[in-house]
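By convention in this document, chain letters (A, B, ...) are assigned in the order of the sequence lines, proteins followed by strands, and residues within each chain are numbered from 1.
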Amino acid sequence: MKPVNSAAGGATGNGETGPVVQVAGAAVRLGGRTIWEHVDLEVWPGEFIAILGPNGSGKSTLIKAILGLLPLQAGSISVLGQPARRGHPEIGYVPQRRHFEADVRVRGRDVVRLGLDGVRWGLPLPFVQRGRARSFEKQVQDVIESVGAAAYADRPIGELSGGEQQRLLIAQALVTHPRLLALDEPLDSLDIQNQQAVAGLIRGIARDTGAAVLLVAHDVNPILSALDRVVYMAGGRVAVGTPEEVVTSETLSKLYGSPVEVLHASDGSVVVVGHPGEEEVFHHDRH
Amino acid sequence: MNDAGSFPVFSWNLWLDIQQMLQYEFMRNALLSGTALSIVSGLVGYFVIVRHQAFAGESLSDVAFTGAVGGAAIGINPLAGMLVFTVAAAVAMGAFAERLSERDIAIGTVLAWVLGLGLLFLTLFSSHVSGTGTGFSGVTVLFGSILSVSASQTLTIVLLSAGIMLVVSTIARPLLFASLDPDVAAARGVPVRLLGLGFMALLAITVGEAVQAVGALLVFALLLLPAATAQRLTTRPYAGLWLAALLAVCFTWTGITIGFYTGLPSSVCISLLAFCVYIVTVGLLTMRPLFNSRPNAATI
């Protein structure tokens with residue numbers, strides 16, 4: 001147990017000592033099936049953690065449980081000392097997604113702005129509270145610049161490319177200056193150049209803002225060099241540790257309960273081969 | 001409808017023309033109720049497009065037809081019958097079709113049944129009461145008759161519209177968030193499901209009202225075309241919302257005026273006008289890059 005930090009949520013900048021997320025003995029059941037159990041994890045400020053594993057192993061479920069969107073079967077999850085709950089203001093979330101459809105004629109800037117005031121009732125009235133309106137506009141502009149989306153933030157978001165949309169959605173998640181950034185496969189639908197660029201962007205955010213980053217990934221290689229730790233989920237179980245500790249033939253074989261081999265390519269990227277039902281967890285795409 | 005035979009003459013002196021129109025009580029009622037229901041059609045229509053619920057809106061207009069005819073057949077106020085029936089159907093649609101992929105099938109299923117029911121009511125109604133003094137008929141419901149809206153109906157429409165405007169301006173921001181980005185909105189604590197159901201109810205009331213003006217068959221003109229035009233003209237969501245309402249009011253006023261001076265059904269004038277403005281807007285915006293020396297590179 002960790003002492004509840006009374007300043008959590010309101011304080012900024014004064015060295016918080018507790019973990020951002022604490023998962024203790026947690027289990028989730030969905031539709032009568034236990035997705036995973038006995039999960040223990042602590043996420044510390046500034047950490048960059050990847051959640052890896054085959055399809056259906058419950059990676060997104062872990063993110064949703066931390067967001068308070070799913071009930072736990074056992075154990076507990078706390079975020080900044082408080083039990084996980086829906087609408088926690090210190091978490092920025094980018095869900096696994098389909099793209100905005102081409103006919104969505106709303107500016108990227110307004111989508112980012114919704115991250116700041118989208119939960120408020122009422123309409124933003126012109127000429128009322130101009131000071132606050134201006135400060136919101138500046139916050140939105142700052143975060144758009146910080147993700148490098150200023151050039152296209154005023155175009156309809158449906159007309160933008162996948163990488164451009166992804167940058168704006170990361171900006172939307174960042175606009176409240178969260179202390180935890182939860183990203184569900186943010187690189188999955190991007191081409192190689194954009195994967196590298198967005199991974200670099202997320203890495204920079206973690207470094208500059210001190211926010212902890214939890215990133216669900218299908219392919220670990222674009223982010224391997226930036227990771228502090230990995231959470232590897234398979235067969236209802238979880239292994240947590242540094243990439244060197246976890247992404248090994250020995251650990252993964254134990255996790256899958258069948259022989260698995262981790263191959264290291266000459267450029268430092270890794271490929272996992274030989275486990276049943278999953279041919280391409282870390283497919284090696286780079287030329 | 002105004003009297004056949006001699007139509008008032010449009011003098012191009014707009015002030016006199018407006019005074020001439022406003023002499024008639026039916027014109028005052030038509031313009032007032034038309035304004036009220038156009039504003040809400042524009043506002044609600046904007047969200048119908050953002051939420052990709054055009055098919056649901058179209059279906060509700062058929063439900064509204066059945067509700068109105070059913071109300072008349074069992075002898076209650078057609079407007080009340082229409083509103084109750086449409087709201088019930090809308091909430092059922094929203095509740096039963098959780099996922100987007102299932103929604104079309106669910107709506108189509110309900111729709112087939114409801115239209116059959118409407119036809120049954122129409123048969124009962126026509127055999128029961130022929131030549132009623134209420135000015136009500138199946139044709140009225142299908143094509144609208146804003147010129148025959150009574151003073152008490154006008155009051156109902158204005159009050160309902162004021163209520164919808166209040167609700168829409170209260171929920172506009174979370175609703176936009178939930179419409180564009182439901183997963184993030186839910187994680188941030190926006191009641192996405194409740195808003196979805198509530199919006200279906202708003203849509204039902206709006207469709208029920210708009211049927212008064214343009215009829216069940218042309219309700220799309222007032223609900224979707226102003227909003228679609230507004231979204232072409234601006235990508236700022238709140239500006240688009242109010243522009244949609246403004247355009248809808250302009251179409252309705254102009255349509256009613258043209259109808260008054262030509263004797264054409266005003267619902268047809270409103271629909272055609274909305275359609276023409278939409279086509280011209282899209283056409284001009286599509287052709288604009290041809291005149292620019294530096295075309296916008298479209299990205300995928």
Can you measure from [atom1] ([X]) to [atom2] ([Y]) and round to the nearest 0.5 angstrom?
X	Y	atom1	atom2	answer
B:Leu241	A:Leu123	CG	CG	6.5 Å
B:Phe177	A:Arg120	CZ	CZ	12.5 Å
A:Leu67	B:Arg188	CG	CZ	11.0 Å
A:Arg107	B:Arg236	CZ	CZ	4.0 Å
A:Lys64	B:Asp183	NZ	CG	6.5 Å
A:Leu169	B:Asp181	CG	CG	6.0 Å

- Contact origin within A:Asp154 toward chain B - heavy atom pairs under 4.5 Å: backbone
- Under 4.5 Å from a heavy atom of chain B, the part of A:Tyr152 involved: neither
- Query: Given the options A:Ile91, A:Asp103, A:Ile157, which has more heavy-atom pairs under 4.5 Å with chain B than any of the others?
  - Reply: A:Asp103
- Quick one: what part of B:Leu233 sits under 4.5 Å from any heavy atom of chain A, side chain, backbone, both or neither? neither
- Item | Under 4.5 Å from a heavy atom of chain A, the part of B:Ala178 involved | neither
What pair of heavy atoms forms the shortest contact from [X] to [Y], and how long is it?
X	Y	answer
B:Thr235	A:Asp110	O-OD2, 3.6 Å
B:Tyr238	A:Leu114	OH-CD2, 4.1 Å
A:Leu69	B:Ala187	CD2-CA, 4.0 Å
B:Val190	A:Val119	CG2-CG1, 3.6 Å

- chain A interface, residue from B:Ala186, B:Gly240, B:Ala172, B:Ala185 that has the most non-hydrogen pairs under 4.5 Å: B:Ala186
- More than 12 heavy atoms from other groups under 6.0 Å of CZ on A:Phe136: yes
